[in-house]
Amino acid sequence: MEVLKLVALHAFRIMARRNSFSKRCYSLKNIKTFSEVPTLKSYPLVGHTYLFLQNGPYKFERLTEAVLDISKTLGPIFKLNLGITLLITTNANDTKTLFRNEGVQPIRPPFPALYHYRKKEFNSTGVVPGNGDEWYKFRTGVTPLLRNPVVAHYLNKHEIVAKDFLSYLESKSNENNVVNDLYELLQRYTIEAISVVCPGARFNCFKNSEINEILEAGKNFMDGLYDTLMGPPIWKLFKTKGYKKLESSHKVIYRIMKNHLYNLKLQFNENAEKVKVNQPFMYALFSNDKLSWEDKIMVSMEVFFGGIDATATTIAFTLYYLSKNKHIQEKARSDVKNGNYGYLRACIKETLRMSPTAGANSRVLVQDAVIGGYLIPKHTLVSAFSPITSNDESYFKEANKYIPDRWLRENHEDCHKFASLPFGHGPRMCPGKRIAENEMIILLKEILLHFDLELPENVNVGMVTRMNRVPDRPINIKFTKLIV
Ligand code: HEM
């Protein structure tokens with residue numbers, strides 16, 4: 001095996017001699033083999049999973065901290081065997097190399113249980129668990145979310161949702177004007193905001209008690225995805241708790257989406273132009289002839305599920321950081337009062353740098369690549385642990401301080417472009433990025449214009465890894481009404 005690796009390394013060196021990019025980055029003599037990548041002691045069958053067992057030093061829930069701790073011993077690049085061999089890096093240049101070697105149809109690690117269930121139940125798999133041509137087909141269903149006219153269309157609709165949310169927020173504050181556990185309330189906002197895009201209807205999340213079913217489905221989806229991914233694949237033998245959560249969440253959202261899509265399709269058949277004007281995303285979806293009817297329902301479910309969790313977390317953390325840093329809050333407020341959103345945008349970027357929702361950016365290499373000085377063979381799964389990179393002093397001065405100014409145009413030129421990638425990168429980056437940014441800006445602006453924000457107690461909120469990284473404790477904020 002080792003001989004084969006050395007032959008591969010030799011062949012790569014010959015190829016690389018013809019390749020000026022590799023010549024620039026590494027002295028070829030110094031390229032090391034994959035087997036030389038640092039690692040911890042592992043055991044047959046279990047590999048490194050013992051580290052995360054009940055009595056082990058780490059918890060999957062605190063995966064970011066585990067990787068940070070291991071990197072202190074092994075350095076910024078190392079490998080772990082967690083069922084499959086995973087190359088981990090916390091270095092921004094390596095992240096860049098990773099994305100340079102992702103190909104035109106980037107491969108993310110699959111979600112086998114999700115893929116299996118969807119194929120069996122709906123004969124349609126969707127954009128998240130798929131790879132290759134199958135992924136590409138579904139991706140055509142979500143890319144309209146990134147187009148300017150589509151994004152712009154929803155600004156007014158989101159403004160209305162944000163104003164309604166403010167009344168709801170007030171109704172939830174206690175006698176001291178404190179709203180407890182904002183994250184849960186914000187999920188109602190993000191459900192309402194994404195539902196005006198897809199399926200293109202208001203769900204009345206701030207009034208309707210039936211919405212609990214949807215909230216529960218959103219939570220079950222994330223939990224089911226995480227449990228089936230991290231646990232042993234016994235869902236193949238019988239329906240585990242995690243697998244059942246995937247099933248129940250899909251059943252709820254499928255029923256709701258199917259009804260909405262069916263009604264809208266009738267309107268589309270009757271007057272497509274009207275749907276185009278009023279529901280540009282749904283119009284694009286209905287007009288997509290690569291996707292079957294079942295595929296279109298699946299895409300709608302994915303936009304819906306994708307639109308809840310990360311956006312709510314990011315708004316909650318931005319409110320938390322603004323409450324903690326009064327001068328920044330004041331600056332953001334005075335900017336939005338003057339109709340400028342540049343500083344608030346910078347606040348969101350800073351939140352996503354300090355508290356990103358994705359644990360890592362992962363890809364399977366489509367070709368051999370030199371990462372961190374090692375020749376990594378194609379098909380290797382590489383995870384760039386962005387939350388560690390984006391909190392690293394070598395990329396961001398005073399990395400543990402909330403400093404939105406670092407993102408202002410005049411300052412952020414010296415920032416490494418791959419050091420903070422909260423929405424991923426390349427052809428597979430988050431298709432909901434622009435919609436999410438607008439949803440966040442609009443709500444935060446409304447809140448800043450109407451309320452002063454304060455933390456009722458001095459707490460430090462961290463993150464735990466479920467499927468996404470989420471707050472590790474309730475975020476409670478005191479909202480004092482401003483005299484306008
Ligand atoms: C602050 C909010 C959000 C954050 C931080 C976020 C982050 C991410 C990240 C890191 C990825 C993986 C990208 C990659 O592998 O390069 C992703 C994928 C995805 N996101 Fe988001 N997201 C957010 C909001 C949304 C919203 C609002 C939607 C729906 C409109 C959405 C739908 C999706 C979908 C469907 C994918 C899978 C894309 C694919 O595999 O091709 N996300 N998101």
Side-chain angles (χ1 to χ4, degrees), residues 95 98-99 102-111 114-115 125-132 134-147 150-151 154 158 186-187 189-200 218 221-222 225 281-282 285 298-318 345 347-349 351-364 381-387 390 418 420-444 463 467-470:
T95 309
L98 169 63
F99 282 116
E102 66 172 353
V104 285
Q105 295 187 343
I107 305 171
R108 260 208 319 262
F111 294 99
L114 182 69
Y115 188 90
T125 50
V127 71
V128 172
N131 279 313
E134 197 177 25
W135 162 77
Y136 184 74
K137 180 184 83 167
F138 284 101
R139 181 77 193 191
T140 63
V142 293
T143 35
L145 286 172
L146 290 162
R147 287 187 201 137
V150 174
V151 177
Y154 296 101
H158 283 149
L186 285 166
Q187 282 177 308
Y189 170 72
T190 53
I191 291 177
E192 192 72 12
I194 200 60
S195 67
V196 300
V197 180
C198 176
F221 175 69
M222 287 297 170
L225 210 51
F281 173 67
M282 295 310 286
L285 187 60
M298 185 55 72
V299 166
S300 307
M301 290 206 285
E302 298 220 289
V303 170
F304 190 75
F305 280 134
I308 306 173
D309 206 64
T311 320
T313 302
T314 309
I315 303 173
F317 269 99
T318 307
R345 252 177 226 291
C347 291
I348 292 173
K349 281 192 175 168
T351 301
L352 282 165
R353 178 190 72 76
M354 287 186 76
S355 309
T357 59
N361 283 309
S362 299
R363 296 287 187 265
V364 174
L381 174 58
V382 186
S383 284
F385 268 70
S386 318
S390 64
F418 289 79
S420 180
L421 292 177
F423 291 99
H425 181 76
R428 208 160 178 177
M429 74 174 282
C430 176
K433 176 176 188 273
R434 300 194 55 203
I435 292 283
E437 281 170 350
N438 282 348
E439 286 177 19
M440 296 190 286
I441 290 275
I442 289 170
L443 181 62
L444 290 165
M463 295 185 103
M467 197 52 233
N468 280 327
R469 286 162 26 102
V470 293

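Atoms within each ligand, like the ligands themselves, are counted from 1 in listed order. Throughout, numbering of the chain's residues begins at 1 and tracks the sequence.
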Which residue owns the protein heavy atom closest to [atom], what's the atom, and how far is it?
{"atom": "atom 20 (N) of ligand 1", "answer": "C430 SG, 3.3 Å"}
{"atom": "atom 4 (C) of ligand 1", "answer": "F423 CE2, 3.4 Å"}
{"atom": "atom 26 (C) of ligand 1", "answer": "G306 O, 3.5 Å"}
{"atom": "atom 10 (C) of ligand 1", "answer": "P422 O, 3.2 Å"}

Can you list the atoms of ligand 1 that are under 4.0 Å from a heavy atom of [X]?
{"X": "R139", "answer": "38 (C), 39 (C), 41 (O)"}
{"X": "G424", "answer": "10 (C), 13 (C), 14 (C), 16 (O)"}
{"X": "T311", "answer": "1 (C), 2 (C), 24 (C), 27 (C)"}
{"X": "T357", "answer": "5 (C)"}
{"X": "H425", "answer": "16 (O)"}
{"X": "W135", "answer": "39 (C), 40 (O), 41 (O)"}
{"X": "G307", "answer": "26 (C), 27 (C), 28 (C), 29 (C)"}
{"X": "A436", "answer": "2 (C), 24 (C), 27 (C)"}

For F305 and ligand 1, answer yes if some heavy atom of the residue is under 4.0 Å from a ligand atom, otherwise no.
->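 Under 4.0 Å: no for F305.
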Is L145 in contact with ligand 1, taking contact as a heavy-atom separation below 4.0 Å?
->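 Within the 4.0 Å threshold, so yes.
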Is there a donor-acceptor pair closer than 3.5 Å between any side-chain N or O of Y189 and the backbone N or O of M440?
->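 Here the side-chain-to-backbone pair does not exist.
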Is there a donor-acceptor contact under 3.5 Å from the side chain of R428 to the main chain of I107?
->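 Flag not set: sc R428 to bb I107 has no pair under 3.5 Å.
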Check: D309 and T357 side chains under 4.5 Å, non-hydrogen atoms =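 The answer is no; the side chains never approach within 4.5 Å.
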Quick check: closest heavy atoms across [X] and [Y], and the distance to 0.1 Å?
{"X": "N131", "Y": "P106", "answer": "OD1-O, 3.8 Å"}
{"X": "G218", "Y": "I308", "answer": "CA-CD1, 4.3 Å"}
{"X": "W135", "Y": "V104", "answer": "CZ3-O, 4.1 Å"}
{"X": "T318", "Y": "C347", "answer": "CG2-CB, 4.4 Å"}
{"X": "G141", "Y": "F281", "answer": "O-CE1, 3.4 Å"}
{"X": "F317", "Y": "S355", "answer": "CD2-OG, 3.7 Å"}

Just distances here: any N/O of N361 and N/O of ligand 1 closer than 3.5 Å?
->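 The answer is no, given that N361 and ligand 1 share no N or O pair closer than 3.5 Å.
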If you measure from [atom] to every heavy atom of [options], which option wins on shortest distance?
{"atom": "atom 29 (C) of ligand 1", "options": "V127, T314, V303, T318", "result": "V303"}
{"atom": "atom 34 (C) of ligand 1", "options": "G359, P431, S386", "result": "P431"}
{"atom": "atom 37 (C) of ligand 1", "options": "R108, E302, R428, E439", "result": "R108"}

Would you tell me whether [X] and [Y] have side-chain atoms, one donor and one acceptor, within less than 3.5 Å of each other?
{"X": "S362", "Y": "S383", "answer": "yes"}
{"X": "T190", "Y": "T311", "answer": "no"}
{"X": "N361", "Y": "S386", "answer": "yes"}

side-chain contact (heavy atoms from CB on, under 4.5 Å) with Y154: which of N438, I442, L145, V197?
->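 Of the listed residues N438, I442, L145, V197, the side-chain contact (heavy atoms from CB on, under 4.5 Å) partner of Y154 is V197.
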Report the part of [X] (side chain from C-beta onward, or backbone N, CA, C, O) that has a heavy atom under 4.0 Å from ligand 1; answer both or neither where that applies.
{"X": "I194", "value": "side chain"}
{"X": "R363", "value": "side chain"}
{"X": "A358", "value": "side chain"}

